[in-house]
Amino acid sequence: MTEIYQNAPAFLHERELLLNCAACDGDEAVRAQFGRLAARSLDWHWVLTTAESQGVLPLLRARLEEVCPAAPPVSVRNQLSLACVANAAHNLRMTGELLAVLQALEADGIESVPFKGPALANQLFGNVAMRQFRDLDILVRPADVDRARAVLLARGYRPEFELTPKREAEYLRSEHAFQFKRQDGAFIVELHWSFGSRDQAFPLSAQSVWSRLGQAKFQSRIVHALSSEDLLIYLAMHGAKHRWDRLEWICSLAQLIRVKPDLDWSVVFSRAQRTGALRGVRLALLLARDICAAPLPPLVEEQTVVDPAVREMSSEVRENLFATDHSYQSSELRRQAFYIRTRERMADRARIVLFYW
């Protein structure tokens, strides 16, 4: 992993530590290098601050405890432990609320699919404390949005903004989610009826996903879950939409590959090609392999590296993974430009440009 940042003098070893942390599952040599890096005189404030912003604090703690528990200074270990305990407590509260919302929706006859947040943490790691998240994402059918909103209102939630009936109808056609915040400020729920807004030309259709749902055990319940193949495509395109500027997104996709060895790769690639997500999926897999040592079958690796544009974008992500954007507007423009490059079909590119600009 060292070569990724060989031209970046600032916090070089700290960056290497986090990258090695992400790849520890795949290689004993990487684990040994991680231990050597952790034993150096590092700027631990930068490490912890960056790990938090990149969403990998729980992973960092797990890796340190597994590989070299005595390497960081005691004060650093205490600070990291306190941060992860706070994250675990937050995630458990969020999990309890998600279960309560799912039960309330079910009682009203509304089918729902929890994804991201604690449901994804449980699916990938078997432990809701192993991810960092702020809100709860729930997918319902478009026809059930009004009733689902009523369920949330009854639980003390309020919408992010109020819309007139005319504007709401347009919003439902062009956007993909409403955000609700509980009045006490404790929880945020994003109620989805689609996976992406119209201007994103998001390739994964919620309508088609409903016909391919599986089931997963989530705490004491059996809940609907995206199929492994759909989840991989979703994670790939969600990362592309945000320019892969968060290490945790790459780690989550790599973990999906590890825990789902029965992934049907022919389905993944055929579905991605059919929906215009092939380049985005190839990029995601290349990042998962190079940064997190995800175990890709040889034929999948061959599929992943055939596109020169994918290799170029992968290098760009790796070079800018820990960069700090100084302007939201320029950052958003860069994200949109990057997302457009991940789409191989000109019609999709044109649609994104048309709606965004």
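Reckoned from all heavy atoms, side chains included, excluding hydrogens, waters and symmetry mates.
- Relative orientation of the F133 and H90 rings is tilted, given thresholds of 30° and 60° on the angle between their planes.
- Residues F338 and W244 place their aromatic rings such that the two centres sit no closer than 6.0 Å.
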Item to check | Audit row: F178, Y157, ring pair (Phe, Tyr, Trp, His ring centres under 6.0 Å) steps and yes/no | outcome: CA-CA 12 Å; F178 282 124; Y157 284 87; over 10 Å; no
Checklist entry - Should R61 and S81 be marked as a side-chain hydrogen bond (donor to acceptor under 3.5 Å, both in side chains) after you check the CA-CA gap, both sets of side-chain angles, and the distance that decides it? => result CA-CA 7 Å; R61 184 193 186 197; S81 178; 3.2 Å; yes
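- For the pair N91 (side chain) and V128 (backbone), a donor-acceptor distance under 3.5 Å is present.
- Salt-bridge annotation for R349 and E344: absent, with no side-chain N of the basic residue lying under 4.0 Å from a carboxylate O of the acidic one.
- If you look at W249 and H242, their ring centroids are closer than 6.0 Å.
- A donor-acceptor contact shorter than 3.5 Å links the side chain of S252 to the backbone of E248.
- Counted by atom type alone, Y339 and R335 present zero donor-acceptor pairs between their side chains at under 3.5 Å.
- Under a 4.0 Å N-O distance rule, the pair R141/E111 qualifies as a salt bridge.
- R343 contributes a side-chain N or O that, together with a main-chain N or O of G276, makes up a donor-acceptor pair within less than 3.5 Å.
- Rounded to the nearest 0.5 Å, atoms CZ (R351) and CZ (R345) are 9.5 Å apart.
- H238 has its ring centre no less than 6.0 Å from the ring centre of F202.
- Counting heavy atoms of neighbouring residues, nucleotides and ligands inside a 6.0 Å radius, atom CD of Q207 does not exceed 12 of them.
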